[in-house]
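Whatever order the structure lists ligands and atoms in, that order sets their numbers, starting from 1.
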Amino acid sequence: MSKLVAIVRTISPRMEKCELTHLDRQPIDVALAEKQHEEYLDALRRLGCELEHAMEMPFHPDSVFVEDCAVVVDELAIIARPGAESRREEVYSIAEALEQFREKIYYIESPGLLDGGDVLRIGKQIWVGLSGRTNADAVLQMQSILKPYGYSVDAVRMGEGCLHLKSAVTQVADDLLLLNPDWVHPDYFPDFDIIETDPDEPGAANALLIGDTVIYPDDYPFTALLLAEEGIELLLVDNSEVIKAEGGVTCCCVLVGVED
Ligand code: GLY
């Protein structure tokens, strides 16, 4: 039997001091963010995830965005080296949380820069976005770590205004991607069908597929409708405060498949 563990972390009370790259700063209601985060954790539990809480990091405004700290595949974990200097310390407690689940743990080393949000993995295919946070050196390091295990690792160029690759494209069913064509070209993904986000909702491509269900923000109703019309089962969450912090539903967990 295998289970899915979701490594998560609490919201920092300093969240409104978060890194912002493409968004204007807006007030963040931390109490509301905490309530929304609890609902998100409930959604993960409802979809069968066992939660593993990483050490709290209240002085790190972006620390709830644990996805950026690590990339996990069946055989090993890679600890990222975040592109934003303010976030570099976040990775060590995630490495600690991962030690119980993966024997082999690799680290992206300088001059490599990698945010986990730039990594999309589907089976043995891995795409890495060359964003403001992730560089080509990190892609080379990932290739040398992962190719011996049979993974392909391809670099992806992204359009202006996009923070991470997974802001631009995520998986919503076995052979189906949700993608914003202004931010990433669909030709990178020839083996997949594509649903394009509604043009009025550029941030809507970030969805979290667990089993056959997609955790999806209720902040993007037009794209949600497109997904529902395709027969995708949605578990809607209110994610307004995380979105103001330039985060999304994939950002707040690291999923780890574990054999019982
Ligand atoms: N605020 C999310 C990030 O920039 O990393």
Among all protein heavy atoms, pick the one closest to atom 4 (O) of ligand 1 and tell me residue, atom and distance.
->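 Among all protein heavy atoms, the one nearest atom 4 (O) of ligand 1 is R133 NH2, 2.6 Å.
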Could you find the nearest protein heavy atom to atom 2 (C) of ligand 1 and give me its residue, atom name and distance?
-> D62 OD1, 3.2 Å
Is ligand 1 less than 4.0 angstrom away from at least one heavy atom of T21?
->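 Under 4.0 Å: no for T21.
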Atom 5 (O) of ligand 1: of E19, K244, R87, the nearest heavy atom sits on R87
For atom 1 (N) of ligand 1, state which one of P82, A84, A245, C18 supplies the nearest heavy atom.
-> A245
Short N or O distance, D68 and ligand 1, threshold 3.5 Å exclusive = no
Counting N and O atoms only, with roles assigned by atom type, does the side chain of [X] sit under 3.5 Å from a partner on the main chain of [Y], one being a donor and the other an acceptor?
| X | Y | result |
| --- | --- | --- |
| D118 | L165 | yes |
| R9 | C252 | no |
| D182 | G159 | no |

Short side-chain donor-acceptor distance under 3.5 Å, T250 and N206 |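 Per modelled atom types, N206 and T250 side chains form a pair under 3.5 Å.
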Quick one: do E19 and R88 make a salt bridge, cutoff under 4.0 Å?
-> no
